[in-house]
Amino acid sequence: MNEKREFREKKLKKWIEKYGDPYDSSFSITNSPGEIKENFDSLENQSVSSGGRILAFRKQGKLAFLDIGDITGRIQLFMRKNDLENFEDTELLDLGDIIFVQGKVMKTKVGEISIFVSSFSLVSKGRHELPDKMHGISDPETRQRKRWVDMAIGGDIAKDVVFISRFFQKAREYWQSEGFLEVFTPMLHQIPGGAYARPFKTHHNALDLPLYLRIAPELYLKKLLVGGCPKVFEIGRNFRNEGISKKHNPEFFGLEAYEAWGSFETMMSRSEEFIKFLAADLLENDSFEWMGKKISLKGKFNRLDFRQALIDEIGVDIDKMSTLKDYKNVFKKHNLSWSNSMTIGRSQDKLYGEFIESKIVNPTFVTGYPKAMSPLAKSIPGNKNWTQRFELVIAGCEVANAFGELHDPDEQSHRMKSQQDAKDSGDLEAQPIDDSYIEALEFGMPSAGGIGFGIERLLMMFLNKDSIRDVILFPMLKPKRDE
RNA sequence: GGGGGUUUAGCUCAGUCGGUAGAGCAGCGGGCUUUUAACCCGUGUGUCGGGGGUUCGAUUCCCUCAACCCCUACCA
């Protein structure tokens, strides 16, 4: 049936008859393909050993030019019959095989940096052929599902995987250098909290205990503030049982940081500094382009007041709207779809998303979120309807969310109760009461600022990717029946 | 959920106003001692996404299902 695979396996058999098992671990390389290219000046005429996947095969009579490579880069192999004892065994190699080579670093007549091969060995047979060398894998789903193939042939992901790794390294570096302690809090929660979201449910057998995959680490991190860690941060996955879209994957990385004696104002300068730090280091620039939009990180980030922005944009003052009916009328006026599951908080959010968020291009702190939308944020002194909160929006996309953390246990208890009420009356995303969190607050928590970043959102911006799937190595995919 | 598009060789795609199909790459055979999308000669790829209908005949027309893509809605 699969004739091509048979050819490959026949060649493997021949190799084994001649040289024995290629799946051996006695090979060790002195330089990766990329290193040889990068360090040609110091490696010229030196003997090296290297290895990688065969990505191109240009045979020319008694000469052979092969390209081998991995994510570090590609290097050409130059093989000449007169100088290579088992030259004819190149017949047993296929595109996609992984080979080990030894030889001297040189340049060919036309100047291509190469290894002049003195010996080579098969290390791992590619049983499958590689995709078209010019076009690669065109189907995005296959590209994501068989990420290793796309990576092996040098698809975008081969470069991006390095960028993503450096991004995490630099993100840690920023917060650590600012004196924040990196901590790790549970992913299995008995009470899911810290965000508006539906959780994944699981179960612990030995304890016969229902558990939830965390939707946010927030409450645990603030328990550490109670315990006396003044500056903490965590980079880790959150899990939300919601729809999948270009901006949403069921599991995604959050970076949350909390600072005692800070406020949402100090979190503003920290987030601004953080993003500028990342861009300066990773992009080596203070501006970038995302989906055709030019985004400048120069100067101070803009500020926009939630309520004032809605007044300016559509002439609606949400401070003067107290009933759901008021919102329904506004929705009607602007031809927005209304559903009966709407709450005041949701309506406000929808108006914001529709008229404010989508129009923002350069980084902007949107401040003054209504209390109905922010059960964990401190309200503004003198105005109980508004909270000490901001979202950092770039190119219409929420990148971070920060509060002056509510640390009054009585007030927090009230807010959680009204969330619980919403939950009881059918809001699947409302947060349940978490008594252990309230109790922690009762021990006393210093005033604090806290912030959470959506890491993939930032990665999308920095890598100019339209879809969150392009910045996750193995994004959530629907199961495939035939495989 | 709604609208549009795509699905043909291993890969990328062309094509048939209805008579079961083709190019490049990859493969196989041969040639070539400085190539790099190597080249030259020869060779063949196929449930034309699945199912049903119309028809003497369907890959082509119609219906339906599926997968993927785009837009839109929802999920902040």
Side-chain angles (χ1 to χ4, degrees), chain A residues 1-8 10-11 54-69 74-84 87 91 94-96 106-114 116 126-146 149-150 153 195-198 215 240-250 336-339 341-343 345-354 356-358 366 369 372-374 391 393 396-399 401 427-430 454 457 466-467 469 477-483:
Chain A
M1 173 88 188
N2 192 338
E3 200 189 10
K4 289 189 172 186
R5 183 169 178 146
E6 277 170 27
F7 279 121
R8 284 167 178 261
K10 262 183 212 159
K11 291 178 188 174
I54 301 175
L55 296 168
F57 206 140
R58 296 178 293 280
K59 212 165 173 198
Q60 194 186 310
K62 297 183 178 66
L63 292 181
F65 300 90
L66 283 73
D67 293 347
I68 62 166
R74 279 167 89 131
I75 184 85
Q76 175 169 273
L77 306 181
F78 178 47
M79 298 177 171
R80 191 157 62 182
K81 187 166 182 169
N82 291 359
D83 303 280
L84 187 58
F87 181 82
E91 297 290 347
D94 283 297
L95 285 170
M106 48 87 76
K107 264 188 190 172
T108 58
K109 273 183 186 169
V110 295
E112 179 76 22
I113 297 170
S114 308
F116 186 36
R127 320 290 174 103
H128 298 273
E129 63 179 330
L130 297 177
D132 189 286
K133 67 181 173 188
M134 309 166 198
H135 305 93
I137 308 173
S138 69
D139 174 30
E141 196 206 326
T142 309
R143 213 184 300 134
Q144 288 153 11
R145 203 177 285 282
K146 301 192 180 178
V149 181
D150 193 32
I153 60 169
Y196 265 124
R198 295 171 69 175
I215 55 174
R240 298 189 184 174
N241 206 340
E242 296 168 344
I244 295 170
S245 80
K246 273 196 211 177
K247 286 183 182 172
H248 299 87
N249 194 62
L336 298 175
S337 62
W338 181 264
S339 83
S341 64
M342 279 293 186
T343 60
R346 268 168 200 290
S347 325
Q348 291 170 337
D349 190 44
K350 173 93 181 162
L351 290 178
Y352 161 71
E354 195 74 25
I356 312 299
E357 188 181 56
S358 59
V366 180
Y369 279 78
M373 291 167 62
S374 324
E391 283 193 1
V393 177
C397 197
E398 178 197 335
V399 162
N401 183 14
D427 185 347
L428 294 167
E429 292 168 3
R457 300 266 171 95
D466 188 26
S467 167
R469 291 187 186 188
L477 296 167
K478 275 194 270 184
K480 202 153 193 170
R481 263 196 246 136
D482 13 319
E483 281 184 279

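In what follows, every chain begins at residue 1, and chains take the letters A, B, ... in the order their sequences are listed.
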Inset, instruction - Assign His128(A) to base, sugar-phosphate, or nothing according to its heavy-atom contacts below 4.0 angstrom with the strands shown. - result: nothing
Inset, instruction - List for me each residue that meets salt bridge (charged side-chain N to carboxylate O under 4.0 Å, His left out) alongside Lys133(A), sequence neighbours excluded, and say none if there are none. - result: none
Legend entry - Listed partners of Leu55(A) passing side chain to side chain contact (heavy atoms under 4.5 Å, CB included), at least two apart: Arg53(A), Arg74(A), Leu130(A)
Inset, instruction - Ignoring backbone atoms, establish whether Arg58(A) has a side-chain N or O less than 4.0 Å from OP1 or OP2 of A38(B). - result: yes
Inset, instruction - Rounded off to whole Å, could you give me the CD-to-P distance for the Glu6(A) and U45(B) pair? - result: 17 Å
Inset, instruction - Write down the partner of C11(B) under the Watson-Crick or G-U wobble criteria, each distance required to be under 3.5 Å. - result: G24(B)
Legend entry - Under the side chain to side chain contact (heavy atoms under 4.5 Å, CB included) test, residues paired with Ala64(A) that sit two or more places apart: Lys59(A), Leu66(A), Met79(A), Phe87(A)
Inset, instruction - Could you tell me which residues satisfy side-chain hydrogen bond (donor to acceptor under 3.5 Å, both in side chains) with Asp132(A), sequence neighbours excluded, listed by chain and number? - result: His135(A)
Inset, instruction - Locate the shortest heavy-atom distance separating Arg8(A) from Gly126(A); write the atom from each residue and the value. - result: NH1-O, 2.8 Å
Legend entry - Rounded P spacing from A26(B) to A58(B) in Å: 37 Å
Collect all protein-nucleotide pairs involving nucleotides 69-71 of chain B in which both atoms are nitrogen or oxygen and the distance is under 3.5 Å.
from   : atom 1 : to        : atom 2 : distance (Å)
C71(B) : OP2    : Lys246(A) : NZ     : 3.2

Legend entry - Test side chain to side chain contact (heavy atoms under 4.5 Å, CB included) applied to Arg143(A) - qualifying residues, sequence neighbours left out: Ile137(A), Pro140(A), Asp150(A)
Inset, instruction - Using a 4.0 Å heavy-atom cut-off across all strands, classify Leu95(A) as base, sugar-phosphate, or nothing. - result: sugar-phosphate
Inset, instruction - Could I get the full list of salt bridge (charged side-chain N to carboxylate O under 4.0 Å, His left out) partners for Arg58(A), not counting sequence neighbours? - result: Asp67(A)
Legend entry - Partner residues of Lys10(A) under the side chain to side chain contact (heavy atoms under 4.5 Å, CB included) criterion, sequence neighbours left out: none
Under-3.5 Å N/O pairs linking protein and nucleotides 28-34 of chain B:
from   : atom 1 : to        : atom 2 : distance (Å)
C28(B) : OP1    : Lys11(A)  : NZ     : 2.7
C32(B) : N3     : Gly61(A)  : N      : 3.0
C32(B) : N4     : Gly61(A)  : N      : 3.2
U33(B) : OP2    : Lys62(A)  : N      : 3.3
U33(B) : O4     : Asn82(A)  : OD1    : 2.5
U33(B) : O4     : Asn82(A)  : ND2    : 2.8
U34(B) : O2     : Lys109(A) : N      : 3.0
U34(B) : O4     : Arg80(A)  : NH1    : 3.4

Inset, instruction - Report yes if at least one side-chain N or O of Ser245(A) is closer than 4.0 Å to OP1 or OP2 of C75(B); otherwise report no. - result: no
Legend entry - For Asp94(A), all residues meeting salt bridge (charged side-chain N to carboxylate O under 4.0 Å, His left out), sequence neighbours excluded: Lys11(A), Lys125(A)
Report each atom pair, protein N/O against N/O of nucleotides 21-25 of chain B, whose distance is under 3.5 angstrom.
from   : atom 1 : to        : atom 2 : distance (Å)
G24(B) : N2     : Asp132(A) : OD2    : 2.9

Inset, instruction - List for me each residue that meets salt bridge (charged side-chain N to carboxylate O under 4.0 Å, His left out) alongside Glu112(A), sequence neighbours excluded, and say none if there are none. - result: Lys37(A)
